[in-house]
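Here is the naming used below: chain letters follow the sequence lines, and residue numbers restart at 1 for every chain. Just so we're clear, the structure is a prediction, and the values are computed from it rather than from any experiment.
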Amino acid sequence: MAKKNKNAITINDVTKSYQSEKWGEKVVFENLNITFEKGKIHCILGVSGCGKSTLLKIIAGLENVKDGEIVIEPNNSLIAIILQDNNLLPWLTVYDNIAFALKALQKEESFDQIVQRGLQKFNLIEYQNFYPFELSEGLKQKVALAKTLVTNPNIVLLDEPFCSLDFISKNKAHKVYLSEFSKEHFTSILLTHDIEETIKLGDYIHLLGKGNDYKKFTNPLKKPRNKDENYQEFLNFIIKEYT
Amino acid sequence: MDFSIIINELTERTLYDNIFVSLKNVLTGFTIAFVVALLLALLLYEFKMLDKIFYPIIEVLRPIPNAGWVPIAIIIFATIEQSIIFITFVGAFFPMFISLYRALKNFPINYLYFAKIYKLNWFDRTTKIILPGIMSNIFTALMIGISGAWLSVIMAEMISGRMGIGYYTWKSYTLLSYEKVFLGIIIMGILGALFSLFFATIAKKKLFWVRRID
């Protein structure tokens, strides 16, 4: 019997570069190797420009790589992504934005029921006929989350989805996200600059630096410290970067 | 100025026949120009090779003044009416094409990601993402295009027409009937403004979300 792969995503020796007319070839990362365990929340921390968003787009199949491979397990996994902005089509209402994904994925038979359930779950019933410009940033992100999760994805990729929210909205969004995660058990990768958010949400913390600088930690708050040999290294990173 | 001539002219059928001919010419040339501009812009957006070949050609043809096309149109087309429609087409096509081409070049990539994530085919991607996404630019193109078409049809009728409000105004000028020239100019202005108002009203109703974003 074949051994079941515990990783949902495996990045094998991936090299990504951009061709620019002005600067020539700009390498984002070279021979990068990362594994993302199934059913866990992976937070990726890193300085601006280190290629976090690019990595997410590569995993989602939105960008090509120069070299290496990305293994998604199982290979028919449904991948959903929430970007920093423009996650909703401005010419569609909240209802239609959520239904758009379901219709596109041809889950048409009962899409109205699924949309209604999604709207209820995220407390968006009263906003279903609103257009994105009529919503606050917090509500927009909530709709984006609803739109993403109603399709029952196996992998959820989030590119700093909560960064524009105020403290209270951010906490509410975290609760919704964690509650969905605990029910659906998808694999999630979350990009963030917020160390508090990382510790609160992540099972694993990935530090991505410029070039090939990469380290992976188990979240010290979610796993007993003495079992995590990287704990001190993680603390050193936080002290160095955030104090 | 003798206003009784203007009032008398407004009761004559000739004036309305001329207006009808101009409207027919402008709407024919404008509609063809819009369809061709939109299809060509989409084609060049989708196929980089076609873009590299055709865009430089369009950039060479674009600065040619509309009057410059008149002799060519008269030579190419069998009837005067066809050549006037061609001149109208030229007047509307280039501004509409450039407006749509630029809109597509600057199309937000995040919206295109939707198409990729949800594996939309070319038709769905175009009709559900791209066209709604550039709808405000389409209306801008329509408003610019109808002005171009209207200016061109008047000019073409003045130079080579046998009918139309441009021809009516020019003929009145050669017959030194300045009241009729004045009437012709006023009608041109009113009809041009009505065209723009028509598209502006639809845009205002349909594109409320764009105005709010702006």
Side-chain angles (χ1 to χ4, degrees), chain A residues 18 53-54 56-64 72 76-94 96-108 111 129-136 140 144 147-151 153-161, chain B residues 38 42 45-49 51-52 55-56 99-100 102-142 199-214:
Chain A
Y18 287 107
S53 297
T54 307
L56 220 61
K57 286 173 190 162
I58 288 171
I59 295 169
L62 302 175
E63 289 205 16
N64 298 323
I72 309 285
N76 60 351
S77 295
L78 179 61
I79 301 176
I81 184 166
I82 299 182
L83 299 160
Q84 281 178 41
D85 48 24
N86 289 342
N87 286 298
L88 303 175
L89 296 171
W91 54 89
L92 298 180
T93 60
V94 166
D96 290 332
N97 260 293
I98 296 173
F100 181 89
L102 289 164
K103 281 185 200 167
L105 294 166
Q106 282 161 359
K107 294 182 175 177
E108 276 167 62
F111 81 83
N129 294 321
F130 281 47
Y131 283 85
F133 75 81
E134 296 170 304
L135 304 174
S136 67
K140 271 187 210 167
K147 178 186 152 208
T148 304
L149 297 180
V150 289
T151 57
N154 308 85
I155 296 167
V156 178
L157 311 172
L158 305 109
D159 188 353
E160 299 182 40
Chain B
L38 184 60
L42 284 170
Y45 174 67
E46 295 288 346
F47 302 102
K48 282 202 165 56
M49 191 52 118
D51 188 18
K52 279 186 181 163
Y55 187 70
S99 174
L100 296 168
R102 284 280 141 222
L104 288 167
K105 284 274 173 193
N106 298 322
F107 194 74
I109 193 148
N110 278 15
Y111 298 152
L112 292 177
Y113 285 158
F114 288 151
K116 230 172 176 179
I117 289 166
Y118 299 124
K119 298 177 177 62
L120 300 185
N121 59 32
W122 178 85
F123 183 77
D124 282 348
R125 177 169 160 266
T126 306
T127 56
K128 291 178 180 167
I129 305 271
I130 295 175
L131 290 180
I134 60 161
M135 200 48 85
S136 71
N137 304 85
I138 289 178
F139 274 97
T140 307
L142 288 170
F199 287 119
T201 310
I202 300 176
K204 203 174 173 185
K205 269 192 169 179
K206 295 282 173 199
L207 297 173
F208 54 94
W209 53 270
V210 174
R211 286 188 292 120
R212 285 304 294 264
I213 288 170
D214 292 345

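Judged purely by atom type and a 3.5 angstrom limit, A:Lys57 has no side-chain atom pairing as donor or acceptor with the backbone of A:Asn64.
Donor-acceptor pairing under 3.5 Å is lacking for the side chains of A:Thr93 and A:Asn129.
With contacts defined as side-chain heavy-atom distances shorter than 4.5 Å, the pair B:Tyr111/A:Leu89 qualifies. Contact of the A:Gln84 side chain with the A:Pro161 side chain is not registered, since no non-hydrogen atoms from C-beta on lie closer than 4.5 Å.
Your options are A:Ile79, A:Ile81, A:Leu83, and the one with the most heavy-atom pairs under 4.5 Å with chain B is A:Leu83.
Put simply, CZ on B:Phe114 and NZ on A:Lys147 are 3.5 Å apart, with the number rounded to the nearest 0.5 Å.
Residues forming a side chain to side chain contact (heavy atoms under 4.5 Å, CB included) with A:Pro132 (at least two apart in sequence, or on another chain): A:Leu88, A:Asn97.
Contact residues of residues 119-130 of chain B toward chain A are B:Leu120, B:Lys128, B:Ile129 (heavy-atom distance under 4.5 Å).
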